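Data block below; observations after.
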Protein chains: 2
Amino acid sequence: MTDGHESAPTGVRRTTRQRTAVSSALAEAGGFLSARDLHDRLAAQGERVGIATVYRTLASLASTGEVDVLLRDDGESVYRRCSSAHHHHLVCRECGRTEEVTGPTVEAWATAEAERHGFRDVRHTVEITGICATCTL
Amino acid sequence: MTDGHESAPTGVRRTTRQRTAVSSALAEAGGFLSARDLHDRLAAQGERVGIATVYRTLASLASTGEVDVLLRDDGESVYRRCSSAHHHHLVCRECGRTEEVTGPTVEAWATAEAERHGFRDVRHTVEITGICATCTL
DNA sequence: TCTGAACATGAGAATCAGTATCAACTAGCG
DNA sequence: CGCTAGTTGATACTGATTCTCATGTTCAGA
C-alpha cells in the first residue's frame, strides 16, 4: 500500500552527504538523541539536512543494527550509536546517563519462558531505570 | 503554570457514569486496548464518553495500578485490566495475544546489575514478543 | 567522462496520539 | 434542597513522525 512514491529501493544503499552527516553526528554525540536533537545539532554545525531525511536515515541505521532505538515514556524515540552485540540499557531517570548491560540469564529466561508458552521467533527488550550515583549525591 | 482550570483535585474520586463505563469495558475486553479502541467500543455500546475522559480515566486507573500500560512499538499506549502483582508480558506480534509471566530471576538480575553500577531506586520493564502457537499454524 | 535510471532529498502538508481549555454539568455532603 | 469541588466533553492545540512529489544525486556501465 501507499506505493505512491517513496519508491521501493531495490536494495542499493547510496552514500550521500546527509547520511554521512547524520551518522557521524550520532557518533560524536555518544548518548541518546532524538531525531530533533540530531537535526538541531546538524543545523548548529551548518549541515543542512531535512528532518525527513534524518528520520529516514535513523530508521535505516536502526534496521541494520548500527544504532539502538529506545522508545521513551513520553513516546519519543531516541537513537544512539551502539555496540552491535545484544545488550540492554540501564538508564538514569535523572540525568539520562546510560550504561549498557548484558545478561545471559535474562536471555535464557526470556527464551525459555516464551517457548513454554508456545511462542516462536522470540525477541525481547529490557529497560532498567534508576537514579545513578552522580545524581544521588 | 497551567493552573488555568482542570483544577487540582483535592483528593476525592467520584463515581461517574463515564468512569464506570470505561472501567467495565476494559474488564470485558480482557486484552490490551488503546484509548481509541476503548472509545470506539463504548460508542458501539451506546455509551457516549468523550475521548478526553477516556484518557483521563485510563491514566487514573494506571496510576492506582488497576490497569497495566504498555507502550507499543508504534508509540501508542495500550491498557489492560491486570493483576496488580509485579509481572511481565509475553506478547504475540501477530494477533496481540498476551500472557503474563513472572521471573524472579530477572528481578534479581536487574536489581543486582543496577546496584553494581551504583544506581538506586531501580525499576525495570521487560517485554517479550514472539509469534504465538495459534498464529504459527 | 558522459548518461540515465534508480535512489535520495526536502519543504511542507498530513496524520495521529495525547493534552489543554474552559464553560457547562453533577456527585455527594450537609 | 443547595452548594461546591470534582468532572466532563467539544474542540483547539502540540509535537512527533510520515507522506507527497518535484527536483537533485549517485554510480554502474558505455
Side-chain angles (χ1 to χ4, degrees), chain A residues 1-23 25-26 32-43 45-64 67 69-80, chain B residues 1-23 25-26 32-43 45-64 67 69-80:
Chain A
M1 47 151 178
T2 323
D3 177 293
H5 269 252
E6 192 83 351
S7 56
T10 50
V12 187
R13 185 156 300 191
R14 293 181 179 166
T15 304
T16 66
R17 171 181 67 75
Q18 293 89 336
R19 285 181 188 177
T20 305
V22 169
S23 198
L26 199 53
F32 279 95
L33 252 50
S34 69
R36 195 159 299 267
D37 288 339
L38 205 43
H39 183 250
D40 293 345
R41 222 179 166 93
L42 288 169
Q45 292 173 17
E47 284 285 7
R48 316 219 289 83
V49 180
I51 187 73
T53 298
V54 172
Y55 275 108
R56 277 187 293 238
T57 304
L58 247 19
S60 165
L61 289 172
S63 76
T64 62
V67 306
V69 189
L70 229 58
L71 197 48
R72 283 195 319 214
D73 286 350
D74 67 354
E76 184 171 13
S77 298
V78 285
Y79 308 78
R80 163 179 152 175
Chain B
M1 36 55 200
T2 328
D3 176 292
H5 269 252
E6 193 82 355
S7 56
T10 50
V12 187
R13 187 155 298 193
R14 292 181 181 167
T15 303
T16 65
R17 172 182 64 78
Q18 294 89 336
R19 285 181 188 176
T20 305
V22 168
S23 199
L26 199 51
F32 278 96
L33 252 51
S34 68
R36 196 157 300 269
D37 290 338
L38 204 44
H39 182 251
D40 292 346
R41 222 179 165 92
L42 289 168
Q45 292 174 18
E47 282 286 7
R48 316 218 289 83
V49 180
I51 187 73
T53 299
V54 172
Y55 276 109
R56 277 187 293 239
T57 305
L58 247 18
S60 166
L61 290 172
S63 76
T64 62
V67 304
V69 188
L70 229 57
L71 196 50
R72 282 195 320 215
D73 286 350
D74 67 353
E76 185 172 12
S77 298
V78 286
Y79 309 77
R80 163 179 153 174

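Residue numbering restarts at 1 for every chain, and letters A, B, ... go by the order of the sequence lines. The model shown is predicted, which means the values in this text are computed figures rather than measured ones. Below, all heavy atoms of this structure are taken into account, side chains as well, without hydrogens, waters or symmetry copies.
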Got a sec, which residues hit side-chain hydrogen bond (donor to acceptor under 3.5 Å, both in side chains) with [X], two or more places apart in sequence or on another chain?
{"X": "B/S34", "value": "B/D37, B/E76"}
{"X": "A/S60", "value": "A/R13"}
{"X": "A/R80", "value": "A/T98, A/E100"}
{"X": "B/T64", "value": "B/E66"}

Counting only side-chain N and O atoms of B/Q18, is one of them less than 4.0 Å from OP1 or OP2 of D/dT7?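 Checking B/Q18 against D/dT7: no side-chain N or O falls below 4.0 Å of OP1 or OP2.
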
With sequence neighbours left out, write down each residue that passes side-chain contact (heavy atoms from CB on, under 4.5 Å) with B/L70, or none if nothing qualifies.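 With neighbours one apart ignored, the set is B/F32, B/V78, B/H89, B/V91, B/E127.
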
Residues two or more places apart in sequence or in another chain: which of them pass side-chain contact (heavy atoms from CB on, under 4.5 Å) with A/R17?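 Applying side-chain contact (heavy atoms from CB on, under 4.5 Å) to A/R17 gives A/E47, A/V49.
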
Closest to side chain of B/R19, choosing from D/dT8, D/dC19, C/dA20: D/dT8

Whole Å only: how far is the [atom1] atom of [X] from the [atom2] atom of [N]?
{"X": "B/L42", "N": "D/dG9", "atom1": "CG", "atom2": "C1'", "value": "14 Å"}
{"X": "B/L38", "N": "D/dG9", "atom1": "CG", "atom2": "C1'", "value": "16 Å"}
{"X": "B/L71", "N": "C/dC16", "atom1": "CG", "atom2": "P", "value": "18 Å"}
{"X": "A/H39", "N": "C/dT9", "atom1": "NE2", "atom2": "C1'", "value": "12 Å"}
{"X": "A/R72", "N": "C/dA17", "atom1": "CZ", "atom2": "C1'", "value": "16 Å"}
{"X": "A/L58", "N": "D/dT17", "atom1": "CG", "atom2": "P", "value": "9 Å"}

Does any non-hydrogen side-chain atom of A/T16 lie less than 4.5 Å from one of A/T57?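 Answer no - side chains too far apart.
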
dist B/T53:OG1 -> B/H39:NE2 (nearest 0.5 Å) comes out at 8.5 Å

Under the ring pair (Phe, Tyr, Trp, His ring centres under 6.0 Å) test, which residues partner A/Y79, sequence neighbours left out?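 Ring pair (Phe, Tyr, Trp, His ring centres under 6.0 Å) check on A/Y79 returns nothing, list empty.
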
Nucleotide by nucleotide, 5' to 3', does protein get under 4.0 Å of the base (B), only the sugar-phosphate (S), or neither (-) in nucleotides 25-30 of chain D, counting heavy atoms? BBS---

Atom pairs, N/O to N/O, protein against nucleotides 13-16 of chain D, distance under 3.5 Å?
unit_1, atom_1, unit_2, atom_2, d
D/dA16, OP2, A/R36, NE, 3.1

Along DNA chain C (nearest heavy atom to each residue), the more 5'-positioned of B/I51 and A/R48: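 This one resolves to A/R48.
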
